[in-house]
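One structure is given here, and the rest of the page talks about it.
We count ligands from 1, going down the list as the structure has it; atoms in each ligand are counted the same way. No hydrogens, no waters, no symmetry mates; every other heavy atom, side chains included, goes into these values.
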Amino acid sequence: MTDTIFALSSGALPAGIAVLRISGPKAGALLADLSGDLPPPRMASLRVLRDGDVMLDRALVLWLPGPATVTGEDLAELHCHGGRAVVAAVETALAATDGVRKAEAGEFTRRAFLNGRIDLAEAEGLADLLTAETELQRRGAMGSVGGSLSKEVEGWRTTILQLSAQVEAAIDFSDEDDVDTIPASVASEGAVLSAEIFAALNRPFAERLRDGVRVVLAGPPNAGKSSLFNAMLNEGAAIVSAEAGTTRDVIERPVAIRGVPFVLIDTAGLRTDSAGEIERIGIDKAQAEMQRADIILWLGAEGEGPLDALEIETKSDLNRHVKTVPAHMVSAVTGQGLENLLEGLVMRAGALLPSGDVPAYNQRQRGALMMVIAAFKDFAELNDPLLVAEELRYARRALDRLLGRESTEEMLDALFGRFCIGK
Ligand SMILES: Nc1nc2c(ncn2[C@@H]2O[C@H](COP(=O)(O)OP(=O)(O)OP(=O)(O)O)[C@@H](O)[C@H]2O)c(=O)[nH]1
Ligand SMILES: [K+]
Ligand SMILES: [Mg+2]
């Protein structure tokens, strides 16, 4: 029999309320033992919880019989007082029963998946949601949890099944030794599907929301990179001084600007002459960061930075007007132009990040979509229906894997390990 699992599903203790969730075949019996009777299903009831003769707490309890629950199993919830001793006492009482134990990280969600309550893409979205720190990340993850990603993939899967049916019919109706006609519609519909999936692969990746847009501040020594970096973060993270070559190491800070996740990166000033050994290493690192950057703020002489960099005129309080057409003029001292710069970055990030309106695919999911495209690649040239049927099966299986209908234990461990205990 499956273990019955329990965990604290609410936040860290002490807290106003602690929600203990129990899932599995013994959930009902445990609840009845603790609260004296099994309360009516799906209604919050106030009960005194007891372990034998010992009163543990007065709690709001919920009895949610399966399978129509989040885990697909019998479920009970105890809304206790959020003291450490109270929760510890209730947990000890629960664990005393055979076949009942504390849940592992992500185990509730894993059961929901195994019981078909959510598919794998939704579980991944949920993992992202629990770690989301910005509003945009939350909306992106909602796209998976709400099932818009799964719906899109389901649509492709249905098309593949229909194509398979057409090919199977062609095989059935042809003569034994003359199996070489594939309906023209199969090739054309296959090409349309393949193009659609290709377009989806070209959307911004789901990971981009988690990792943030990388903005690198670059330019010669003393251009004011570290000063601007500090001003944008509103903190003194980087050392600023009048000495050229102050910054050596790369300094990076994640920051949410208007709900959009960014990583700001301060780098060593670029120069070839008079740089000592340590500074030289810093310059190499700066150049590597510029390669990786999504957006480069160029604080050096106009036109001397990378082609797609944003020309920034710094120290605008000094009224030097050294650039003819700067994208932004800013002063780290007075804060002039700073808001405009941040606004401009948010606008630029829009094109680089998933919008939340269209599904975004993560690396694992993109791998599956690539396999579908590979299966469709030589479709038009294959005139053996048996081969085409095989390719279609392969494509369908790739989508099944995407949705988790064919998943390995190893992959599940990796995914559900990302969750915290109690989820
Ligand atoms: N007036 C004025 N001075 C600034 C401004 N920003 C930076 N400075 C000054 O310019 C000098 C260099 O600033 P940093 O921020 O250290 O320049 P950096 O580009 O990081 O220099 P390195 O790390 O050495 O490459 C310091 O003396 C700053 O006080 C500004 O907006 N206005
Ligand atoms: K400096
Ligand atoms: Mg610096």
Side-chain angles (χ1 to χ4, degrees), residues 134 211-258 260-349 352:
T134 72
D211 300 342
V213 174
R214 297 184 76 81
V215 179
V216 169
L217 290 90
N222 274 350
K225 300 177 296 298
S226 301
S227 303
L228 182 58
F229 177 81
N230 289 344
M232 290 169 79
L233 289 170
N234 212 357
E235 65 166 84
I239 300 172
V240 165
S241 98
E243 191 179 310
T246 304
T247 306
R248 273 90 185 278
D249 246 333
V250 169
I251 308 177
E252 61 171 75
R253 283 281 185 286
V255 58
I257 305 174
R258 319 247 191 288
V260 179
F262 286 94
V263 180
L264 296 189
I265 299 141
D266 184 25
T267 59
L270 304 169
R271 61 172 167 182
T272 43
D273 58 313
S274 70
E277 192 193 343
I278 300 171
E279 198 183 344
R280 188 64 248 166
I281 298 170
I283 292 170
D284 287 346
K285 284 191 177 188
Q287 268 148 355
E289 283 302 333
M290 287 166 76
Q291 295 288 327
R292 269 183 80 191
D294 295 308
I295 301 173
I296 297 173
L297 304 185
W298 178 248
L299 281 69
E302 197 166 21
E304 287 184 10
L307 272 181
D308 52 353
L310 276 181
E311 294 282 357
I312 308 292
E313 177 161 329
T314 48
K315 311 187 188 182
S316 66
D317 54 292
L318 301 180
N319 283 314
R320 298 173 301 163
H321 299 291
V322 287
K323 295 198 180 188
T324 50
V325 279
H328 291 280
M329 292 180 67
V330 287
S331 166
V333 172
T334 66
Q336 186 192 13
L338 203 60
E339 280 303 305
N340 269 333
L341 172 60
L342 298 179
E343 201 62 55
L345 289 179
V346 169
M347 296 273 287
R348 284 211 158 202
L352 299 168

Worksheet item: For ligand 1, is there an N or O atom under 3.5 Å from any N or O atom of Gly269?
Response: yes
Response to the item:
In ligand 1, the atoms that come under 4.0 Å of a heavy atom of Glu243 are 24 (O)
Fill in: Over 12 foreign heavy atoms within 6.0 Å of CG, Leu352
yes
Worksheet entry | Atoms of ligand 1 close to Ala223 [distance to a heavy atom under 4.0 angstrom, numbered from 1] | 19 (O)
Worksheet item: Is the K ion (ligand 2) less than 3.4 Å from an N/O/S atom of Asn222, whether that atom is in the backbone or a side chain?
Response: yes
Worksheet item: Can you tell me which residue and heavy atom of the protein come closest to atom 31 (O) of ligand 1, and the distance to 0.1 Å?
Response: Ala332 N, 2.8 Å
Fill in: Element-labelled atoms of ligand 1 that are located less than 4.0 Å from some non-hydrogen atom of Ala242
27 (O)
Discussion item. Is any side-chain heavy atom of Val346 closer than 4.5 Å to one of Phe262?
Written reply: yes
Discussion item. For a quick test of reading the model, state the closest non-hydrogen atom pair linking Trp298 to Leu270 and the distance between them.
Written reply: CZ3-CD1, 3.8 Å
Fill in: Protein residue, atom and distance nearest to atom 23 (O) of ligand 1, heavy-atom basis
Thr247 OG1, 2.8 Å
Practice prompt. Would you indicate which of Ser241, Gly219, Ser227 comes nearest to atom 11 (C) of ligand 1 when only heavy atoms are counted?
Written response: Ser241
Fill in: Verdict with supporting geometry, Arg258 and Leu342, side-chain contact (heavy atoms from CB on, under 4.5 Å)
CA-CA 9 Å; Arg258 319 247 191 288; Leu342 298 179; 4.2 Å; yes
Discussion item. Quick check: of its N, O or S atoms, which one does Glu243 have closest to the K ion (ligand 2)?
Written reply: O
Discussion item. Taking Glu279 first and then Arg271, would you say they form a salt bridge - that is, a charged N and a carboxylate O separated by under 4.0 Å?
Written reply: yes
Discussion item. On a heavy-atom basis, which atom in Asn222 and which in Ala244 lie closest, and how many Å separate them?
Written reply: ND2-N, 3.5 Å
Worksheet item: Can you tell me if an N/O/S atom from Ser227 lies under 2.8 Å from the Mg ion (ligand 3)?
Response: no
Discussion item. So Met232 and Leu345, do their side chains get closer than 4.5 Å, heavy atoms only?
Written reply: yes
Practice prompt. Would you mind telling me if ligand 1 is within reach of the side chain of Asp317, the backbone, both or neither, using heavy atoms under 4.0 Å?
Written response: side chain
Fill in: Sub-4.5 Å side-chain heavy-atom contact between Asp249 and Lys285
yes
Fill in: Distance from atom 29 (O) of ligand 1 to nearest protein heavy atom, with residue and atom
Val240 CG1, 4.0 Å
Worksheet item: Which pair of non-hydrogen atoms, one from Gly303 and one from Glu311, has the smallest distance, and what is that distance?
Response: N-OE2, 2.8 Å
Worksheet entry | Where ligand 1 meets Leu318 - atom numbers and elements under 4.0 angstrom, heavy-atom basis | 1 (N)
Fill in: Beyond-backbone contact of Met329 with His321, side-chain heavy atoms, under 4.5 angstrom
yes
Worksheet item: Is it true that atom CD1 of Ile281 has more than 12 heavy atoms of other residues, nucleotides or ligands lying nearer than 6.0 Å?
Response: yes
Worksheet item: Do any nitrogen or oxygen atoms of Val330 come within less than 3.5 Å of a nitrogen or oxygen of ligand 1?
Response: no
Fill in: Ser331: numbered ligand 1 atoms lying under 4.0 Å from its heavy atoms
31 (O)
Discussion item. Below 4.0 Å from ligand 1: does a non-hydrogen atom of Arg248 turn up there or not?
Written reply: no
Discussion item. For atom 17 (O) of ligand 1, what is the closest protein heavy atom, and at what distance to 0.1 Å?
Written reply: Gly224 N, 3.2 Å
Worksheet entry | Under 4.0 Å to a heavy atom of Gly245 - the qualifying atoms of ligand 1, by number | 24 (O)
Worksheet item: Has ligand 1 got any nitrogen or oxygen that is less than 3.5 angstrom from a nitrogen or oxygen of Ile239?
Response: no
Worksheet item: Purely on distance, is any nitrogen or oxygen of Thr246 under 3.5 Å from one on ligand 1?
Response: yes
Response to the item:
At under 4.0 Å between heavy atoms, what of Thr334 touches ligand 1? The answer is neither
Item to complete: Kindly check if the number of other-residue, nucleotide or ligand heavy atoms within 6.0 Å of CG (Leu318) is above 12?
Response: yes
Discussion item. Tell me which one of Thr267, Thr246, Asp266 satisfies side-chain hydrogen bond (donor to acceptor under 3.5 Å, both in side chains) with Ser226.
Written reply: Asp266
Worksheet item: Counting heavy atoms only, which of Ala231, Pro220, Ser226 comes nearest to atom 20 (O) of ligand 1?
Response: Ser226
Practice prompt. Indicate the atoms forming the closest heavy-atom contact of Leu338 with Ala231, along with that distance.
Written response: CD2-O, 3.6 Å
Practice prompt. Take Glu302 and Val322 through the test side-chain contact (heavy atoms from CB on, under 4.5 Å) and record every step on the way to the result.
Written response: CA-CA 8 Å; Glu302 197 166 21; Val322 287; over 6 Å; no
Worksheet item: Does Thr246 bring an N, O or S atom to within less than 3.4 Å of the K ion (ligand 2)?
Response: yes
Practice prompt. Among all protein heavy atoms, pick the one closest to atom 18 (P) of ligand 1 and tell me residue, atom and distance.
Written response: Lys225 N, 3.5 Å
Item to complete: Examine the proximity of ligand 1 to Ala244 and report which part, side chain or backbone, both or neither, has a heavy atom under 4.0 Å away.
Response: backbone
Item to complete: Report yes or no: does Thr246 have an N/O/S atom closer than 2.8 Å to the Mg ion (ligand 3)?
Response: no
Response to the item:
In this structure, atom 2 (C) of ligand 1 is nearest to the protein heavy atom Val333 CG2, 3.5 Å
Worksheet item: Below 4.0 Å from any atom of ligand 1, is there a heavy atom belonging to Asn222?
Response: yes
Item to complete: In plain terms, say whether Glu304 and Lys323 are close enough for a salt bridge, that is, a side-chain N and a carboxylate O under 4.0 Å apart.
Response: no
Worksheet item: At what distance is the nearest protein heavy atom to atom 5 (C) of ligand 1, and which residue and atom is it?
Response: Lys315 CG, 3.4 Å
Practice prompt. Measure across Pro221 and Gly245 and return the closest heavy-atom pair with its distance rounded to 0.1 Å.
Written response: CB-N, 3.8 Å
